[in-house]
Novice: 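The structure that follows is given in the form of structure tokens.
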Amino acid sequence: MLERLMLHGAAFAREAAEERRARLAEAIRDEAPEGVRVSEAEQGVELEGRGLLRRFALEPGLRWLIPGRRR
């Protein structure tokens, strides 16, 4: 019985994480600057784009895109 409860809890947590990841990706996608692609990954949300590391250092809007969305 305890095993079933643990499996149910794990499935619930997995579903909640997937839902949160999808909401986070959508919110970031809505505010992401031109040329930045946002996608869901197994462990979170990925940002991709040409010169993204340089842009991250130079564009404050890109740096502040994520911290307010962590919770």
Novice: Is the number of heavy atoms from other residues, nucleotides or ligands within 6.0 Å of CG (Leu53) greater than 12?
Specialist: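 At most 12 heavy atoms, drawn from other residues, nucleotides or ligands, come within 6.0 Å of this atom.
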Novice: Tell me the closest heavy-atom pair linking Glu18 and Glu40, and the distance in Å.
Specialist: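 Taking every non-hydrogen atom into account, O-OE1, 4.4 Å.
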Novice: Evaluate the side-chain proximity of Glu26 to Arg23: yes if any heavy-atom separation is below 4.5 Å, no if none is.
Specialist: no
Novice: To check you understand the geometry: which heavy-atom pair defines the closest contact between Pro33 and Arg55, and what is its length?
Specialist: CB-NH2, 3.6 Å
Novice: For Val38 and Ala25, work out which heavy atoms get closest and say how close.
Specialist: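 Val38 and Ala25 have their closest heavy atoms at CG1-O, 3.7 Å.
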Novice: Determine the minimum heavy-atom distance between Gly44 and Arg21, stating which atoms define it.
Specialist: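 Smallest heavy-atom distance, with atoms named: O-CD, 3.0 Å.
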Novice: Ignoring hydrogens, what is the shortest heavy-atom contact between Arg29 and Ser39? Give both atom names and the distance.
Specialist: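 Looks like NH2-CA, 4.2 Å.
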Novice: Side chains of Val36 and Glu48: does their closest heavy-atom pair fall under 4.5 Å?
Specialist: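 Side-chain contact under 4.5 Å: no.
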Novice: Please tell me if the side chains of Leu52 and Leu62 come closer than 4.5 Å, counting only heavy atoms from C-beta onward.
Specialist: yes
